[in-house]
Structure formats: structure tokens, C-alpha cells
Amino acid sequence: MTDSLHAAGGRYPADAPASEALFDRARAIVPGGVNSPVRAFRAVGGTPRFMVRGEGPWLFDADGRRYADLVCSWGPLIHGHAHPEVVAAVQQAAALGTSFGTPTPGEVELAAEIVGRTPVEQVRLVNSGTEATMSAIRLARGVTGRSKIVKFAGCYHGHADGLLAAAGSGVATFGLPDSPGVTKAAASETIVLPYNDVAAVEAVFAADGAEIAAVITEAAAGNMGVVAPRDGFNQALARITHAHGALLIVDEVMTGFRVAPGGWLGLDPADADLVTYGKVMGGGLPAAAFGGRAEVMAHLAPAGPVYQAGTLSGNPLACAAGLASLRLADAALYRRLDETAATIQGLVTDALSKAGVPHRVATAGNMFSFFFTDADVRDYDGARTQDVAAFKAFFHAMLAGGVYLPPSAYESWFVSAAIDDAALEQIAAALPAAAEEAAAA
Ligand SMILES: Cc1ncc(COP(=O)(O)O)c(C=O)c1O
């Protein structure tokens, strides 16, 4: 299949199997036909597009259709697809060998880049955001000798057992409050509170504070659609946790290096003890990290007793991609991302307003999403007031018009600096019909 694809110059011949046939084949051998649930289009219906190539702002599917990409691999691709410097860095690293299972210079460079941009003093590299949050929580429990964790409804921190409670996007899409397979014991250590509700956090610490190891929060929530923290929310979390001898874990897997050079905490500093990163720092390859104050990180093996490890952690290809990507991410890049996000928000708002579709645009830096509702959204209950049927109609009309949006109403939209006039024109051209479809749904 790959050969025929290459022979066709990146396009399947018209009569060759495309997304439909690939999905049929995949469903027979991969559960649900996908390797991560939200990719399956269950929330919007229809057949997921199998992508074969990306270039700048564009994605190309197996049928040869071209889409302006507003998903960007769920956040990592701030420079768009196949940026020449990122590709060259990966090619050079690959030519030297793909993995050594030893320390490498690239890991030191990437760690230094992260430490240089953020409040963390030390960082441990891992392979996924899930691993980063899971390891940060183990470390918090190891440091405090306590077991309970506080998380917020609608915040997603990956699929580790104790964090799969009221976990937003993927889970919301499927309407599962939890996942079978997560034991009662694991779930009972997790306290779930409403996002943006300081009084609820104070109350739970007043009652149970001595047993709570950490509060984990998304720096700005992006997994129930985008819901920014209220002014002072993250700072209140730091104050309350520290007053009770607990740690604050700020999850920047989505926001880190996307919304600003230092992530959300660079825009809105809060005294986090541990911070998790992923997505952008891997430049589209699997890399993630957790870090914090040196005194906290010193508890981690081999310096300390809290165990954490990984065969491919700090992989040379991933470090090369991440480093190339971060080194391109200067102040001008973030200005461009902000401007592009604002332009697209304006186009979508105009089209929805003209068609009379109730909506709210929610932003956190250059991350944004549209809620099809009249209500202001401050938390997960607010996010669930949206008209999912209207989003579904809108999504499919945009897809037909060559714009790839996240296939769920509970996800952030992501821009890249590669979005150019041609991509903006394609988005603008698709919008009027999509807004009409949403109005009619
Ligand atoms: C805030 C946040 N934390 C953690 C994760 C998990 O990251 P990964 O999918 O790399 O395991 C995600 C993934 O979307 C995320 O958005």
C-alpha cells in the first residue's frame, strides 16, 4: 500500500481503496479501527479520514483530498506539517542511530531548553503526557507520604487509572463517567471537584487536607472545549495546597510551549511544585516531561527512592524534533499564532452570527473552541449545555469544505504558524454553508 502511495506521488489512485476501505480493514484488526478513541469520529459520525501526508497548513487524505488543518495532531505542530528544519533534524538524528539506551547529548539539550523557558529547575523526559502526569502523581505521593489526589471535572490528564474520573473530551464523547477496568480502590483515591471553584477546593482541604498529596489541574483547561482558569484560580490552588502541605501539579501537556514560550505559567505565573509537558516539546514525535523544584525532583530514582523509568525515554529522534521545534518557537512565532487564532475566531464568529447560531468563543491564549450555547462556560457542566448536534452538522460541512476540525465538540482547536492566506481562504469559503447546517440542525 505504501509503495502504491509513493508511486501515486502521495495520492491514492482514484480506484484504489481509500479511507472507507482502510477503516473497514482497520476495524477487523484494531479495536474500533483506531489507536486512540477520539480519532474514530464516534462523536460526529461518519468515517474518519486516513491521512497520508501533511505539508505546512495542509493535510492530505488517502482519497487525495486536501484540508486546512485546525487540529495539528492535537496540538504539537505549532510550525505546521513537515517543517523543513524539524524534518532535517529528525533525518540527521536517525542517520546516527535511532536509540541507544544510554544518556545522549540531545536529552541534555532538550532538558536545558525546557528549564530555560519555564519555572521548573529539573526535568525528567518521558514518552507521553499520560506518563508525565502519572509519574508526577507518584512523585507527589512519594514526597508527601499521602495518597489522595484532587482533580477537576472536565480536565483530562491522560489515561492512567486514578486520573480517568470525569476526564473530559474522549471520555465525555463516549458518555462514560469512568472506564471499566479502573478499580474502585484507584478511583477512591481521586477527589473530583468542579473546575474554577475555589470554595470547593477550600472545603475539601478543610475536611480531608491531611490525606491529600496533590491537586492536579490543566494550566488552562482544553479537554472540555477550552475553559480558561478564572483570574487567580491557579494561584489560589497554590496557596491552598501549600497551606496544607500538599503539592500543586500544573498540567501543561496541551498549553506548554503552545500559548507562550514558557507555556501558560509564562503568561499567568503560579507557584507550581510540579509541571507536566508533552505535545509541542516533541515536535510531533513521542516526547513528554515532568519537572519541578530541584528539591522535589531529588526524590526521583536514581537520585531518590521514587521509581520511574523508560526504555525509550529521551529518544534521540524525539529530542531532535522537539529541540528543532522549540528553537523555532520565538516571540515572533507566538505573535503569529495569536494573530492567526484571532483571525479564525473572527471568521467563525461572523459566519455563525450571520446564520443566527447561538455560540460562545472560548479562548486560552491561541487555543480556542466554539461552544454552541447561549451560556457562559466556566466548567464542565457549562460545557455540557452546548448543542452537540449543531457542532456535528457544522463539523461535517467544514470537512466537506476542506477544513479539518477536531471531531468532537469537547476539544480545543489548534492553529499553526504555517496557516497562510490560501488556508484562511479555504476556511472562509467553507464557513457560510457550515454555519447554515449548524443553524438547521
Ligand atoms: C492536558 C493533558 N494532559 C495529558 C494528556 C495526555 O497526553 P498523551 O495523550 O500524550 O498521553 C493530554 C492529552 O491530550 C492532555 O491534553
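Every number for a ligand or one of its atoms is a count from 1 in the order of the listing.
Here the two rings, on Phe394 and Phe372, have centers that are under 6.0 Å apart.
Ion pairing of Arg360 with Asp376 is present here, as a side-chain N (NZ or NE/NH1/NH2) and a carboxylate O approach within less than 4.0 Å. A salt bridge links Glu113 with Arg117; the closest basic N to acidic carboxylate O contact falls under 4.0 Å. Ionic pairing of Arg66 and Glu55 is not present here: no N-O contact between side-chain nitrogen and carboxylate oxygen is shorter than 4.0 angstrom. Between Asp381 and Arg384, at least one side-chain N (NZ, or NE/NH1/NH2) sits under 4.0 Å from a carboxylate O, which counts as a salt bridge.
Within the 4.0 angstrom cut-off, atom 11 (O) of ligand 1 has one or more protein heavy-atom neighbours.
Atoms of ligand 1 found under 4.0 Å from any heavy atom of Glu218, numbered from 1 in the order shown, are 1 (C). Applying the 4.0 Å criterion to heavy atoms of Asp251 picks out, from ligand 1, the atoms 1 (C), 2 (C), 3 (N), 4 (C). Close contacts of ligand 1 with Thr130, meaning ligand atoms under 4.0 Å from a residue heavy atom, involve 6 (C), 7 (O), 8 (P), 11 (O). Listed by number with element, the atoms of ligand 1 under 4.0 angstrom from any heavy atom of Met254 are 16 (O). Here is the list of ligand 1 atoms found below 4.0 Å of a heavy atom in Val253: 2 (C), 3 (N), 4 (C), 5 (C), 7 (O), 12 (C), 15 (C). Close approach to Ser128 involves these atoms of ligand 1, each under 4.0 Å from a residue heavy atom: 10 (O), 11 (O). For ligand 1 and Gly158, the ligand atoms under 4.0 Å from any heavy atom of the residue are 4 (C), 5 (C), 6 (C). Close approach to Gly129 involves these atoms of ligand 1, each under 4.0 Å from a residue heavy atom: 6 (C), 7 (O), 8 (P), 10 (O), 11 (O).
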Go through the steps to decide whether His242 and Asp273 satisfy the test side chain to side chain donor-acceptor pair (under 3.5 Å), and finish with yes or no. CA-CA 9 Å; His242 296 160; Asp273 300 283; 2.6 Å; yes
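The cationic atom of Arg27 (NZ for Lys, CZ for Arg) lies less than 6.0 Å from the six-membered ring centre of Phe23 and within 45° of the ring axis.
Using a 30° and 60° split on the angle between ring planes, His244 and Phe205 fall in the tilted class, from 30° to 60°. Between His396 and Phe41, the two ring planes are perpendicular [angle over 60°; tilted spans 30° to 60°].
The closest approach between a heavy atom of Lys279 and any atom of ligand 1 is below 4.0 Å. Distances from ligand 1 to the non-hydrogen atoms of Tyr156 include at least one value under 4.0 Å.
Selection from Thr133, Ile216, Val250, Asn223 by nearest heavy atom to atom 15 (C) of ligand 1 gives Asn223.
Considering only non-hydrogen protein atoms, atom 4 (C) of ligand 1 sits nearest to His157 C, 3.4 Å.
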